[in-house]
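The figures that follow rest on heavy atoms only: side chains count, while hydrogens, waters and symmetry mates do not.
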Amino acid sequence: KNEVEQSPQNLTAQEGEFITINCSYSVGISALHWLQQHPGGGIVSLFMLSSGKKKHGRLIATINIQEKHSSLHITASHPRDSAVYICAVFNNNDMRFGAGTRLTVKP
Amino acid sequence: DTGVSQNPRHKITKRGQNVTFRCDPISEHNRLYWYRQTLGQGPEFLTYFQNEAQLEKSRLLSDRFSAERPKGSFSTLEIQRTEQGDSAMYLCASRPTGAQGYTFGSGTRLTVV
């Protein structure tokens, strides 16, 4: 079993829909990251969380430390949100990554 | 400083050839990481440096792989006698010691034919 599990693996939505991507982890962490990876390969950091909730534009990330679970929400989704979203947990000196959720938003 | 830079962006090589990738981190970041990402998977840790010292290597890093960061600035990752299974995206990331936020490069996509 991976230390970081994401669901769903693939997600297709219509433009405007509300989207939720989930992440569960099994190790102790000091921070959790949500990352966005576009087809060219580059990774962009969206959020770093250690508790509670953060919001940036149409993106909202929440974390429940007791349940070892985090969610990434996208409101009013748009085709430009199409990407792979990766959950990663930071522990001691390193990050461990989930396999990613491939999101496709259709116009 | 424009972030973490990786070169080349793409590399196609014949099986058995040696390849070398370069990563230029953000200048004040003393930690540098190499990851490998295969299709449909998240990045997997390969190795990391604090300044010029290589502090940890994954079991994924076989004897054919070697990484250096000779002056504590840029780093190189060399793969000798490449195999088809080495085909992947090789990602570099950097961060300052004590910070939890990483900055990633755009990656080098290796295809071994």
Side-chain angles (χ1 to χ4, degrees), chain A residues 1-11 21-51 54 56 61 63 70 72 83-104, chain B residues 2-11 21 23 26 29-51 53-61 87-111:
Chain A
K1 191 178 190 307
N2 290 336
E3 292 170 317
V4 183
E5 297 276 356
Q6 283 185 239
S7 62
Q9 273 189 307
N10 294 285
L11 181 56
I21 300 170
N22 294 300
C23 174
S24 297
Y25 54 93
S26 57
V27 295
I29 69 170
S30 54
L32 182 143
H33 297 251
W34 281 103
L35 310 169
Q36 182 190 56
Q37 186 173 33
H38 281 281
I43 291 177
V44 173
S45 178
L46 298 174
F47 293 104
M48 183 170 68
L49 294 164
S50 54
S51 65
K54 285 191 177 180
H56 181 68
I63 187 169
S70 176
L72 176 69
V84 175
Y85 292 84
I86 301 173
C87 172
V89 297
F90 184 86
N91 182 20
N92 296 324
N93 288 317
D94 193 25
M95 280 215 281
R96 296 288 183 255
F97 297 83
T101 295
R102 182 173 298 279
L103 172 65
T104 304
Chain B
T2 55
V4 178
S5 176
Q6 289 190 247
N7 289 288
R9 290 295 307 274
H10 303 274
K11 178 72 178 178
F21 311 139
C23 171
I26 292 175
H29 287 188
N30 48 8
R31 292 255 173 128
L32 185 149
Y33 296 79
W34 284 100
Y35 295 90
R36 182 175 71 185
Q37 185 179 24
T38 52
L39 199 62
Q41 299 297 316
E44 297 172 293
F45 170 77
L46 292 178
T47 187
Y48 90 93
F49 292 84
Q50 169 138 336
N51 300 315
Q54 188 173 18
L55 296 187
E56 187 176 345
K57 293 197 293 186
S58 161
R59 287 192 302 269
L60 292 174
L61 216 64
S87 296
M89 173 75 81
Y90 290 84
L91 290 161
C92 176
S94 70
R95 69 177 177 96
T97 304
Q100 295 173 341
Y102 287 48
T103 302
F104 284 86
S106 297
T108 294
R109 184 172 296 283
L110 172 67
T111 303

Among all residues two or more places apart in sequence or in another chain, which pass the ring-ring contact (aromatic ring centres under 6.0 Å, His included) test with B/F21? B/Y90
Verify the ring-centre separation between A/F97 and B/Y35: is it less than 6.0 angstrom? yes
Evaluate the side-chain proximity of B/Y102 to A/M48: yes if any heavy-atom separation is below 4.5 Å, no if none is. no
Counting heavy-atom pairs under 4.5 angstrom with chain A, the leader among B/P43, B/G40, B/S106, B/G42 is B/P43
side-chain hydrogen bond (donor to acceptor under 3.5 Å, both in side chains) pairs, two or more places apart, involving residues 36-45 of chain B: A/Q37-B/Q37
Side chain, backbone, both or neither of A/I43 within contact of chain B (heavy atoms, under 4.5 Å): both
CE/A/M95 to CZ/B/F45 distance, rounded to the nearest 0.5 angstrom? 11.5 Å
Non-hydrogen atoms of chain A under 4.5 Å away: do they reach the side chain of B/L91, the backbone, both or neither? side chain
